[in-house]
Amino acid sequence: VMVNLQAVSAYQTDPPFDAATGVMPEGEAVTIADVMMVDLAAGGADAEPILLETVEATAGQYNAVSWEMVNGDEGYTLHMIGTAEKDGTTIPFDIQIDEVYQYVCGEFVGDERKGFVDPDATGDVELTFHFDHVFGDADSPMDDALNLGALGFDPLAALAENGELKVTQADLVAGLSDAEFATLMDTLGTLGHVGEGHCFEAENGYTGHKSE
């Protein structure tokens, strides 16, 4: 799962930042400006979060982050490569998306708090991508809101040729129904999170409105 990231920034805000407002955070900030291609699947399902870069930062709590997903030299924003299996059928897939996304998020929500940098020590912030919004979650009931709002893989599998699916965003515009393509774009806009914490995407709005 390759993503092209740019302008990854972490902020110290007081009072705590509310991503639902959609405005950019203000306060002490550190930024990784260069475009970087990152494989979110590197290391397997149980791997630790992928380190983007280590930068100098003023001590304090970084309780907001922002980043952009942009088209890199490869011509895509998001590139998903893998295999899908159902009822004994396996379909290799290669899906390229060129839509641009801009996320702004508050504090990480999870089993531990993140973003704390002590003097002469390191801390970390995390960008999280919720692909279950797009494909659904087999461990959740089929009538769960997450699954009801997801495109799933069946509409994509229907576009496979010779048992293989290799498509660009333009191919998806042509091959999916208007409703299916709208669902795909709608859920792709909700990928960005901070753990379970919701974000605001510039074109799609607050990710908490679409799926919890």
Applied to residues 70-146, the disulfide bond (SG atoms under 2.5 Å apart) test, sequence neighbours excluded, yields C105-C199

Review point. Does V35 belong to the same Ile/Leu/Val/Met/Phe/Trp/Tyr cluster as I32, with side-chain heavy atoms less than 4.5 Å apart forming each link?
Key: no

Rounded to the nearest 0.5 Å, the NE2 atom of H130 sits from the CG atom of L188 at a distance of 14.0 Å

Closest non-hydrogen atoms of Y206 and A20, given as atom of the first, atom of the second and distance, are CD1-CA, 3.6 Å

When rounded to the nearest 0.5 Å, the distance separating OG1 of T54 from CG of D124 is 10.0 Å

Under 3.5 Å, is there a donor on one side chain and an acceptor on the other for Q61 and E107? yes

May I ask you to check whether W67 and Y11 place their ring centers less than 6.0 Å from one another? no

With F200 as partner, the option from T21, T207, V23, V104 fulfilling side chain to side chain contact (heavy atoms under 4.5 Å, CB included) is V104

| query | Can you hop from M185 to V167 via hydrophobic side chains spaced under 4.5 Å? | reply | yes

Practice problem: Answer with yes or no after comparing the ring centroid distance for H133 and H193 against a 6.0 Å cut-off, counting only values under it. | Solution: yes

Quick one: does I50's side chain get under 4.5 Å of V38's, heavy atoms only? yes

| task | Please check if L159 and F153 belong to a single hydrophobic cluster, counting links between Ile, Leu, Val, Met, Phe, Trp and Tyr side chain heavy atoms closer than 4.5 Å. | result | yes

Q.
Quick check on the hydrophobic clustering: are Y76 and Y103 connected, directly or via other members, by side-chain heavy-atom contacts under 4.5 Å?
A. no

The reported gap from CD in Q6 to CE in M37 (rounded to nearest 0.5 angstrom) is 15.0 Å

Partner of L191 under side chain to side chain contact (heavy atoms under 4.5 Å, CB included), picked from V3, T128, L78, is L78

For V194 and E126 the tightest heavy-atom approach is CG1-O, 3.3 Å

With a 4.5 Å cut-off on side-chain heavy atoms, are L176 and L184 touching?
yes

I'd like to know if D171 and K166 make a salt bridge, using a cut-off of under 4.0 Å between side-chain N and carboxylate O.
no

In sequence, state the C-alpha distance, the side-chain angles, and the governing distance for L5 and L52, and then conclude on side-chain contact (heavy atoms from CB on, under 4.5 Å). CA-CA 10 Å; L5 302 178; L52 298 183; 4.1 Å; yes

In terms of heavy-atom contacts, T31 and S9 come closest through OG1-OG, 2.8 Å

Interatomic distance, CD@Q96 vs OG1@T168, rounded to 0.5 Å, equals 7.0 Å

query = Are a donor atom and an acceptor atom from the side chains of N147 and S140 found within less than 3.5 Å of each other?
reply = no

Distance col, row L148:CG vs M142:CE, nearest 0.5 angstrom, shows 8.0 Å

**Request:** Answer yes or no: is there a donor N or O on one side and an acceptor on the other, between the side chain of N162 and the main chain of E164, under 3.5 Å?
**Result:** no

Only one of E74, M69, M36 passes side chain to side chain contact (heavy atoms under 4.5 Å, CB included) with N4, and that residue is E74

Closest non-hydrogen atoms of E26 and T13, given as atom of the first, atom of the second and distance, are O-CG2, 3.4 Å

Result for side chain to side chain contact (heavy atoms under 4.5 Å, CB included) between F135 and one of L151, T187, L156 points to L156

message = Can a donor-acceptor pair be found, under 3.5 Å and without considering hydrogens, that links the side chain of Q169 to the backbone of E99?
response = yes

Nearest heavy-atom approach of I97 to M80 is CG1-CE, 4.5 Å

A59 and D118 have their tightest heavy-atom pair at CB-C, 4.1 Å

Separation between CZ (F108) and CG (L127), nearest 0.5 Å, reads 10.5 Å

> Are V1 and L172 linked, directly or through other ILVMFWY residues, by side chains that come within less than 4.5 angstrom of each other?
Replying inline: yes

Less than 3.5 Å apart, any donor N or O on the side chain of Y62 or Q12 sitting next to an acceptor on the other?
yes

Check: With distance as the sole criterion, is a donor-acceptor pair present between the side chains of E28 and T58 under 3.5 Å?
Finding: yes

Check your understanding: Checking D94 side chain against I81 main chain: does a donor-acceptor pair fall under 3.5 Å?
Key -> no

